[in-house]
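The structure appears below as structure tokens.
Both ligands and their constituent atoms are indexed starting at 1 by order of listing. All values derive from a computational prediction rather than experimental measurement. All values below were derived from every heavy atom in this structure, side-chain atoms included, with hydrogens, water molecules and symmetry-related copies excluded.
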Amino acid sequence: MSAGHDTVVAPAAPPRTATGRLVEDVVLGARIGAMRAGGYVLARRGDRVARLLHRPWRLDPYPVYAELRAAQRAGGAVRSRTGLAAVATHSSVEAVLRDRRLGVRLSDGRSRLGEGDGPSLMEPVDLSLLTIDPPDHTRLRRLAQPAFAPRRLAHYREVAEQVTGELLDAALARGGPFDLVTELASPLPIRVISALLDVPDVDSARFARWGLALGSSLEGVRSPSHVRELTRATDDLRALFGQLLEQRRAHPGEDVVSTLAGAVDGGTATPDEVLALAQLLLVAGFETTTNLIGNAVQAMHRTPGQWAALAADPSLAAAAVEETLRYDPPVQLTARFAHEDVEIGDLRLRRDSGVLVLLASANRDPEVHPDPDRFDLHREQAAPHLAFSGGAHYCLGAPLARLEGEVALRLLAERAPRLRPAGDPVPRVATVLRGPLHLPVTA
Ligand code: HEM
């Protein structure tokens, strides 16, 4: 069964205020501004954790990660005046992710920003699995798992190959420079997720816009107008998924939305839970994969001989994906909160205190990855990289991300073996997500 254009609802009327009252919007804006300004002052004074959140340091966070690893080796987990601790070495990052005494909520189940259970002004987007702990997390994760079964992955591979072929045909036909991000890396995952959710005729530009808006929520709220933008995108998406769920209830298919609709009918999940889960699948699989492809091409162009090696042997595409995930991961960090007083190695955390878990830093730990700042397609991966996190929240879409990355890089190397930069990339200025917003190349 498939959905047509009629399932895509018109955008909701834009909310005029974020809080509902103009004066509270002003207060919210002032609160966010004060937090940012305070963080910037700390960063200027040398607080390395604060530096990860601010320019210019976050444009190239790798030297800051190296300092954090050294500081951690010298004296235990790094404390910051921001109130957060941080772990930066491979072993400590892995240990924190695997420790069941830490979670993504506070010990009493409240949301980490302390504004209740559901979406709040400081966290307006419900990111489902990413923001819930067991046992609810275990129950809901099970619902999404069938979307990544081997049989489904074989189908996504066909979709990815077909879509990549079409996108490359269009980009290469013009014969001049093109933007690798807007013409390949961004539309590919949107089209694959449309297949995953069985939304074949969806207006993919609008889907992409929603995904971009919601992805930006991973960085935290920037301003009242950002809250309004997020609320609008969430409302639109909820309306779309609400209609899809109704349709699949009446005519179930084999897609993940049908599974979710069945779970509501069977009483294993509430409508709100499945709407948030469907929304997460869009957000989690979109910009992350876009960044993977962008970061891979960028790294190979910046490191002599690497693109030529892939062009000479496109079967190295899977190795290029793994090395990119290690060297420049699309998701740089995550956070956990202690559910009791804990000691993990040198890290001591009091109940309900938070720790930043620096995945990208773990991947450059020289104790685990020799010569870690060198991108090397032929690297023996001595230890697993942590680009997909670990423990209970290990990325559910990892096999799909790998598949899309491999298909995109292989076809690109086959069809455009002389691919080279055609201008300066435009970087995304963000802390959690990392990758170029625009990457001009020419074949
Ligand atoms: C290169 C691409 C990707 C990267 C680097 C990535 C990375 C991550 C990371 C780091 C987490 C865990 C965050 C944490 O521990 O707090 C995560 C979770 C998740 N990812 Fe991915 N992801 C990618 C692609 C995808 C795709 C394609 C999908 C699906 C369409 C997806 C779906 C999810 C879901 C559902 C979760 C939540 C799992 C849970 O909380 O149990 N991801 N991802």
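- Residues meeting the ring-ring contact (aromatic ring centres under 6.0 Å, His included) test with His385, sequence neighbours left out: none.
- Under 4.0 Å from ligand 1, the heavy atoms of Ala392 that appear belong solely to its backbone.
- Not close to ligand 1: Ala144, with no non-hydrogen atom less than 4.0 angstrom away.
- The closest approach between Leu97 and ligand 1 stays at or above 4.0 Å for every heavy atom of the residue.
- With sequence neighbours left out, Tyr327 forms a ring-ring contact (aromatic ring centres under 6.0 Å, His included) with Phe375.
- The protein atom (non-hydrogen) at minimum distance from atom 40 (O) of ligand 1 is His393 ND1, 2.7 Å.
- Of the heavy atoms in Arg336, only side-chain atoms (C-beta onward) come closer than 4.0 Å to ligand 1.
- Heavy-atom contacts of Leu359 reach the following atoms of ligand 1: 10 (C) (cutoff under 4.0 Å).
- Residue contacts with ligand 1, taken as heavy atom pairs separated by less than 4.0 Å, involve Leu129 via backbone and side-chain atoms alike.
- Contact check on Arg69 versus Glu367 returns no salt bridge, with no Lys/Arg side-chain nitrogen under 4.0 Å from an Asp/Glu carboxylate oxygen.
- Note on Glu322 versus Arg379: no salt bridge recorded, every NZ/NE/NH1/NH2 to OD/OE distance being 4.0 Å or above.
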- Starting from the C-alpha separation in whole Å, work towards a yes-or-no answer on salt bridge (charged side-chain N to carboxylate O under 4.0 Å, His left out) for Arg157 and Glu404. CA-CA 7 Å; Arg157 176 173 288 281; Glu404 290 181 67; over 6 Å; no

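- Protein N, O or S atom count below 2.8 Å of atom 21 (Fe) of ligand 1: the structure gives 1.
- When only modelled atom types and interatomic distance are considered, Tyr156 and Glu161 share no side-chain donor-acceptor pair under 3.5 Å.
- Protein heavy atom closest to atom 13 (C) of ligand 1, with residue, atom name and distance, is Leu130 CD2, 3.8 Å.
- Applying the 4.0 Å criterion to heavy atoms of His137 picks out, from ligand 1, the atoms 39 (C), 40 (O), 41 (O).
- Using modelled atom types and a 3.5 Å distance limit, the side chains of Glu158 and Gln162 yield no donor-acceptor pair.
- When non-hydrogen atoms are compared, ligand 1 lies under 4.0 Å from the side chain of Arg141 (C-beta onward) but not from its backbone.
- With hydrogens and angles disregarded, no donor-acceptor distance shorter than 3.5 Å links the side chain of Glu273 to the backbone of Leu140.
- Every pair passing ring pair (Phe, Tyr, Trp, His ring centres under 6.0 Å) that includes a residue from residues 130-151 is listed here, sequence neighbours excluded: His137-His393.
- Nearest protein heavy-atom contact of atom 29 (C) of ligand 1 is Phe148 CZ, 3.6 Å.
- Close approach of ligand 1 to Thr289 (heavy-atom distance below 4.0 Å) involves ligand atoms 2 (C), 27 (C).
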